[in-house]
Amino acid sequence: MNPADEVLDIVDERDRVVAQVPRGEAYDRGLRHRCVFIQARDAAGRLFVHRRTATKLVFPALYDMFVGGVVGAGESYDEAALREAEEELGVSGLDRPEFLFKFLYDDGAGKSWWSAVYEVRCALPVEPQVEEVQWYDFLTEDEVERRLGAWEWVPDGLAAYERLRAFRAAR
């Protein structure tokens with residue numbers, strides 16, 4: 001199936017479903033939908049960081065410190081988090097990602113989605129999808145921090161990363 005044809009739940013400012021439309025239409029019309037962000041760490045605690053392929057519908061060829069994606073119509077955030085993590089990491093049998101918090105991402109220019117943030121430990125060997133990931137590595141927190149100003153990152157991932165740092169600092 002073409003990713004643009006995948007049906008998404010369209011939600012309001014309180015994350016209530018108000019419609020269902022194909023992903024391509026949701027993106028074209030700037031309709032608010034749902035996404036999951038999963039911070040994956042290897043057995044040593046390093047973060048999975050990747051560069052998206054140039055064929056991605058949103059933020060092509062940019063770097064990301066999360067795996068994840070859209071929540072399908074009728075799918076829960078938890079279901080989407082496990083599905084997306086396994087798909088993007090290229091593994092099966094992953095532990096269920098742990099839900100941390102949710103926030104509304106809005107870039108002010110027509111890109112808006114409810115964003116559920118998760119974390120998961122992946123001790124399995126990864127084989128990321130070639131359709132999704134053109135480069136990847138596991139980096140320490142310090143390595144990620146050093147690259148924040150040097151690499152072009154997906155803006156929603158940066159927003160989630162900043163909120164995650166604040167979330168952890170408040171614990």
Side-chain angles (χ1 to χ4, degrees), residues 1-40 48-92 94-120 122 126-136 151-164 166-167:
M1 176 199 312
N2 181 337
D5 296 332
E6 179 183 6
V7 177
L8 306 182
D9 286 332
I10 303 307
V11 295
D12 65 13
E13 67 281 349
R14 295 172 73 195
D15 197 18
R16 295 177 300 201
V17 176
V18 296
Q20 292 182 332
V21 302
R23 183 197 299 207
E25 180 181 344
Y27 288 1
D28 290 345
R29 294 177 48 203
L31 301 175
R32 185 178 296 122
H33 52 283
R34 294 172 170 161
C35 289
V36 291
F37 294 78
I38 307 99
Q39 188 176 72
F48 179 82
V49 175
H50 66 282
R51 187 169 188 192
R52 297 161 63 90
T53 59
T55 57
K56 295 291 286 179
L57 288 174
V58 176
F59 309 133
L62 299 185
Y63 289 92
D64 200 350
M65 68 279 287
F66 293 93
V67 295
V70 298
V71 178
E75 187 177 35
S76 72
Y77 283 108
D78 288 350
E79 291 166 338
L82 180 58
R83 176 183 54 76
E84 287 285 350
E86 288 188 336
E87 283 177 8
E88 288 198 26
L89 295 170
V91 301
S92 62
L94 193 63
D95 287 340
R96 189 173 68 87
E98 178 188 353
F99 173 79
L100 301 176
F101 61 91
K102 189 170 71 167
F103 72 98
L104 178 60
Y105 174 78
D106 191 333
D107 73 351
K111 290 186 171 82
S112 176
W113 39 84
W114 276 102
S115 307
V117 179
Y118 292 79
E119 64 183 356
V120 71
C122 181
V126 299
E127 292 185 36
Q129 289 180 305
V130 295
E131 307 83 26
E132 303 267 339
V133 175
Q134 76 177 37
W135 170 91
Y136 74 93
W151 290 356
E152 192 174 2
W153 297 87
V154 296
D156 61 343
L158 274 178
Y161 186 71
E162 289 173 8
R163 284 174 170 82
L164 182 54
F167 174 82

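Every value quoted in this text rests on a predicted model; they were computed, and no experiment measured them.
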Those residues that, when tested against D9, pass side chain to side chain donor-acceptor pair (under 3.5 Å) (two or more places apart):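 Testing D9 for side chain to side chain donor-acceptor pair (under 3.5 Å), a comparison that skips the adjacent residues, returns Q20.
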Set of side chain to side chain donor-acceptor pair (under 3.5 Å) partners for E75, sequence neighbours left out: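 For E75 the side chain to side chain donor-acceptor pair (under 3.5 Å) partners, ignoring immediate neighbours, are R83.
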Starting at [atom1] of [X], measure out to [atom2] of [Y] and round the result to the nearest 0.5 Å.
X	Y	atom1	atom2	result
E87	S92	CD	OG	12.0 Å
D107	S112	CG	OG	8.0 Å
F37	E119	CZ	CD	15.5 Å
L104	E13	CG	CD	9.0 Å
R52	Q134	CZ	CD	11.0 Å
E84	F66	CD	CZ	14.0 Å

Assess the residue pair V91 and V126 against the criterion (side-chain contact (heavy atoms from CB on, under 4.5 Å)); give the C-alpha distance rounded to whole Å, side-chain angles, the decisive distance to 0.1 Å, and a yes or no. CA-CA 6 Å; V91 301; V126 299; 4.3 Å; yes
Specify the closest pair of heavy atoms between [X] and [Y], including all atoms of both residues, with the distance to one decimal.
X	Y	answer
G72	L8	CA-CD2, 4.4 Å
L82	L94	CD1-O, 3.7 Å
A85	V67	CA-CG2, 4.0 Å
A81	I38	O-CD1, 3.6 Å

State, yes or no, whether a side-chain contact exists between [X] and [Y] at a heavy-atom distance under 4.5 Å.
X	Y	result
S115	D156	no
H33	V71	no
I10	V17	no
D106	K111	no
H50	M65	no
V11	V18	no
L62	W153	no
E98	L100	yes

Would a distance-only check, ignoring hydrogens and angles, find a side-chain to backbone donor-acceptor pair under 3.5 Å from E25 to P22?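 Between the backbone of P22 and the side chain of E25 there is no qualifying donor-acceptor contact (under 3.5 Å).
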Within the side chain of W114, is there an N or O that forms a donor-acceptor pair under 3.5 Å with the backbone of V36?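 No: the side chain of W114 does not pair with the backbone of V36.
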Assign the ring pair W135 / Y63 to parallel, tilted or perpendicular, where the plane angle (0 to 90°) is split at 30° and 60°.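 The arrangement is perpendicular - the two ring planes meet at more than 60°.
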Determine the interplanar angle of the F103 and Y105 rings, folded into 0 to 90°, and report it as parallel if under 30°, tilted if 30 to 60°, perpendicular if over 60°.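 The rings of F103 and Y105 stand perpendicular, inter-plane angle above 60°.
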How about CZ on R16, more than 12 heavy atoms from neighbouring residues, nucleotides or ligands closer than 6.0 Å, or not?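 Buried by this count: over 12 neighbours within 6.0 Å.
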Among Y118, F167, Y77, ring-ring contact (aromatic ring centres under 6.0 Å, His included) partner for F99: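 Passing option: Y118.
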Tell me, with the steps shown, if Y27 and V70 meet side-chain contact (heavy atoms from CB on, under 4.5 Å). CA-CA 11 Å; Y27 288 1; V70 298; 3.4 Å; yes
Just jot down the salt bridge (Lys or Arg N to Asp or Glu O under 4.0 Å) partners of [X], sequence neighbours excluded, or say none.
X	result
E127	none
D78	R96
R23	E6

Restricting to pairs with a member in residues 54-71, which pass salt bridge (charged side-chain N to carboxylate O under 4.0 Å, His left out), not counting sequence neighbours?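 Checked against salt bridge (charged side-chain N to carboxylate O under 4.0 Å, His left out) - neighbours excluded - the pairs reaching residues 54-71 are K56-E132.
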Charged N to carboxylate O under 4.0 angstrom, K102 versus D15?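 A salt bridge is present here (some side-chain N lies under 4.0 Å from a carboxylate O).
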